[in-house]
Structure formats: C-alpha cells, structure tokens
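Hydrogens, waters and symmetry mates are skipped; everything else that's a heavy atom, side chains included, is used.
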Amino acid sequence: MADTLGTYTHGHDESVVSQHRKRTAAEAAAFLLPHLRPGMRLLDVGCGPGTITLGLAEAVKPGEVVALDLSAEVLEVARGLAAERRVTNVRFERSDLYDVAWPEGSFDAVYAHQVLQHVPRPVEALRQMKRLLRPGGLVAVRDGDYGTCTWSPPDARLERWLAVYHAVAARNGGEADAGRYLHGWLLEAGFTAIATSGTTWTFPGYDTVESWATSWADRVVHSNLATKAVEYGIADRAALEAIADGFREWARHPAAFFSIGHTEALGRRP
C-alpha cells in the first residue's frame with residue numbers, strides 16, 4: 001500500500017491545512033460543476049478538510065458524495081464543517097482509493113484535486129477511478145505544475161525552495177509537475193472524450209502575497225516537506241530556515257508577485 005500511495009509531501013501541518021481550508025468548489029471544481037446534476041453519486045478522492053467536498057455535495061443534492069482521505073485528523077475537520085453547515089448528503093471515510101469495498105460502476109463521477117501529483121503510479125490510480133465509474137461516468141482531476149512557478153522580484157532563496165520541493169516530491173514517489181501530464185495519463189488509463197483546461201493562481205489575486213509567502217515559510221520548516229528534506233539529506237535545517245526567511249523578506253517587497261499554473265482534465269469511462 002505504501003508503494004502505491006507514496007508519501008504526501010505536504011503532510012497535514014496547520015500551515016498546510018489552513019491554506020486548504022480556503023479552497024472552494026466554485027474555484028477548484030469550476031471545470032466540473034457544469035457537468036453535475038441533482039441525484040448523482042460522486043466520489044471525492046483526497047478530500048482534505050472538506051471545503052471543496054461540501055460544494056460538490058450541494059451540486060448533486062439530493063444525490064450523495066463519498067469523500068476519502070487518509071488523515072483521521074483532517075477528516076474530523078471535514079465532518080465538523082459539514083455539521084456546521086448542515087450538509088447531510090456527504091460521508092467522509094478514512095480510506096485510500098485502492099482499499100474501497102464498492103463494486104465496479106458505483107459512481108457517476110469521481111473527482112480528485114491535487115492528488116495525482118503525490119502518487120507513484122498515477123495511471124494506475126486513474127484506472128481504479130475508471131473501474132469505480134459507471135459506463136459513461138465522468139472523471140475530473142486537477143493538479144498543479146510546480147515547473148510553472150514564477151515570481152518577481154527574483155530571489156535565489158525561492159529558487160532554492162523550488163529545487164528542494166521538486167527533489168522531495170520525487171523522493172516521495174510523486175511528480176511535482178503533474179499538471180502537464182494529466183492529458184497523457186488519462187489517455188493511457190483508457191478514458192475517452194478527454195477535455196483539458198487550465199487556470200493560474202496569482203498572488204495577489206487568488207490570495208494575498210503575504211498569506212501565500214507566510215504559508216510556505218511555515219511549511220518549509222514545520223511540515224512534512226521539512227521533515228523529509230532533512231531525512232533525505234536534500235537540505236539541512238539551516239538551509240530551510242534561510243528559505244523561510246527568504247519568503248518573508250521577499251513578500252515585503254511592494255511589487256512582489258507569484259503565480260503557479262494548474263491543469264484540469266475531464267474524461268469519460270467508455
């Protein structure tokens with residue numbers, strides 16, 4: 001199972017989850033929402049704190065959303081949010097995609113946001129999603145592409161951050177530049193009617209530069225990224241602290257700007 005799932009590069013430190021709680025279906029699943037209908041049954045793979053999930057549940061109501069994640073802690077956050085918002089057509093389960101009991105064709109749609117970049121065999125993951133879809137069912141995947149990261153003004157410490165991130169993700173069994181491969185992975189997995197699109201997070205825009213930089217400054221010293229970077233010998237604590245300082249100092253520049261691209265892809269089970 002570990003080889004199949006890989007290691008989640010970000011982990012679930014509060015510096016990570018606090019950013020994930022800002023995500024919504026209106027933004028992260030905009031490419032999927034027009035295809036959802038009331039009464040559908042949808043599987044959300046890697047749901048995190050559930051902020052996207054609840055938007056999907058609203059879109060298919062009175063249908064059902066089943067949401068999976070491996071972290072018991074983050075699932076409790078998701079359940080609490082569902083109770084707070086009185087969303088009753090969603091179930092949160094601690095499970096992975098390869099350990100589900102549902103038979104073939106159990107869902108009308110499967111959604112995965114920023115998941116395929118973390119698994120060692122993404123085509124195999126997509127084939128499992130396809131198995132769980134009914135004939136004609138829809139898969140919707142969205143992944144970032146860290147190779148598209150750009151920022152201004154230039155800062156060597158941010159360049160070092162990006163190199164560390166790529167190296168840790170690769171050692172963890174993932175593909176940090178997954179966005180550019182989604183189309184090909186869907187083809188290899190046997191999906192048809194594939195449609196791709198793209199969006200870009202910009203800071204300022206998607207969020208403030210300060211919020212984004214602070215999140216990464218904290219992640220690079222406190223999250224699983226930091227733990228694995230040291231464990232793998234990719235960077236020591238002093239180097240990570242220097243990167244964190246670099247993010248904070250860079251963000252204070254009045255013209256600071258950052259962007260990262262995302263690819264979104266839809267496919268049908270034949």
Open item on the list: Could you check, using the six-membered ring where one of them is a Trp, whether Trp102 and Phe107 have ring centers closer than 6.0 angstrom?
Closed with: yes

Open item on the list: So, taking the atom named CZ in Phe31 and the one named OH in Tyr111, what distance separates them when rounded to the nearest 0.5 Å?
Closed with: 5.5 Å

- [ ] With rounding to the nearest 0.5 Å, note down the distance linking CD1 in Ile194 to CG in Leu186.
- [x] 5.0 Å

Task: Salt-bridge present (Glu27, Arg142; N to O < 4.0 Å) - done: yes

Open item on the list: By the definition side chain to side chain contact (heavy atoms under 4.5 Å, CB included), identify the one residue from Val100, Asp96, Asp99, Leu75 that meets it with Leu68.
Closed with: Val100

Open item on the list: Hydrogens and angles aside, do His166 and Asp177 bring a side-chain donor and acceptor to less than 3.5 Å of each other?
Closed with: yes

TODO: Please determine if Arg157 and Glu159 form a salt bridge, counting it only when a charged side-chain N lies under 4.0 Å from a carboxylate O.
DONE: no

Open item on the list: Ring of Phe92, cation from Arg79 - is the NZ or CZ under 6.0 Å from the centre and inside 45° of the axis?
Closed with: no

Task: Flag for Glu264-Thr196: side-chain donor and acceptor within less than 3.5 Å - done: no

- [ ] Provide the full list of salt bridge (charged side-chain N to carboxylate O under 4.0 Å, His left out) pairs with a residue in residues 197-208, sequence neighbours left out, each pair given once.
- [x] Lys22-Asp207

Open item on the list: Please check: side-chain N/O of Tyr146 versus main-chain N/O of Gly261, any donor-acceptor pairing under 3.5 Å?
Closed with: no

Task: Expected output: side-chain Arg94 to main-chain Leu70 donor-acceptor under 3.5 Å - done: yes

Task: Pair Ser259-Thr150, side-chain donor/acceptor within less than 3.5 Å - done: yes

Task: Gap between atom OG1 of Thr200 and atom OH of Tyr206 - 0.5 Å precision - done: 13.0 Å

Task: Qualifying residue, where the test is side chain to side chain contact (heavy atoms under 4.5 Å, CB included) with Leu126 and the options are Glu124, Lys130, Met129, Gln128 - done: Met129

Open item on the list: Check this for me: does any side-chain nitrogen of one of Arg248 and Glu210 sit under 4.0 Å from a carboxylate oxygen of the other?
Closed with: no

- [ ] Answer whether the closest heavy-atom distance between the side chains of Trp185 and Glu175 falls below 4.5 Å.
- [x] yes

Task: His12 and Tyr8 aromatic centres sub-6.0 Å - done: yes

Task: Euclidean distance, Leu56 CG relative to Leu43 CG, rounded to 0.5 Å - done: 10.5 Å

TODO: Quick one: pull up OH in Tyr165 and SG in Cys149 and give me the separation to the nearest 0.5 Å.
DONE: 9.5 Å

Task: Residues Asp13 and Arg219 bridged, charged N to O under 4.0 Å - done: no

Open item on the list: If you define the side chain from C-beta out and look only at heavy atoms, does anything of Arg268 sit under 4.5 Å from Leu138?
Closed with: yes

Open item on the list: For residues 36-57, which residue pairs pass the salt bridge (charged side-chain N to carboxylate O under 4.0 Å, His left out) check, not counting sequence neighbours?
Closed with: Arg41-Glu64

TODO: Report, as yes or no, whether the 6.0 Å neighbourhood of atom CD on Glu73 holds more than 12 heavy atoms from other residues, nucleotides or ligands.
DONE: no

TODO: Verify ring pair (Phe, Tyr, Trp, His ring centres under 6.0 Å) between His10 and His118, making sure each step is shown before the conclusion.
DONE: CA-CA 9 Å; His10 299 290; His118 298 291; 5.4 Å; yes

Open item on the list: Could you check whether Glu14 and His222, counting side-chain N and O atoms only, form a donor-acceptor pair closer than 3.5 Å?
Closed with: no

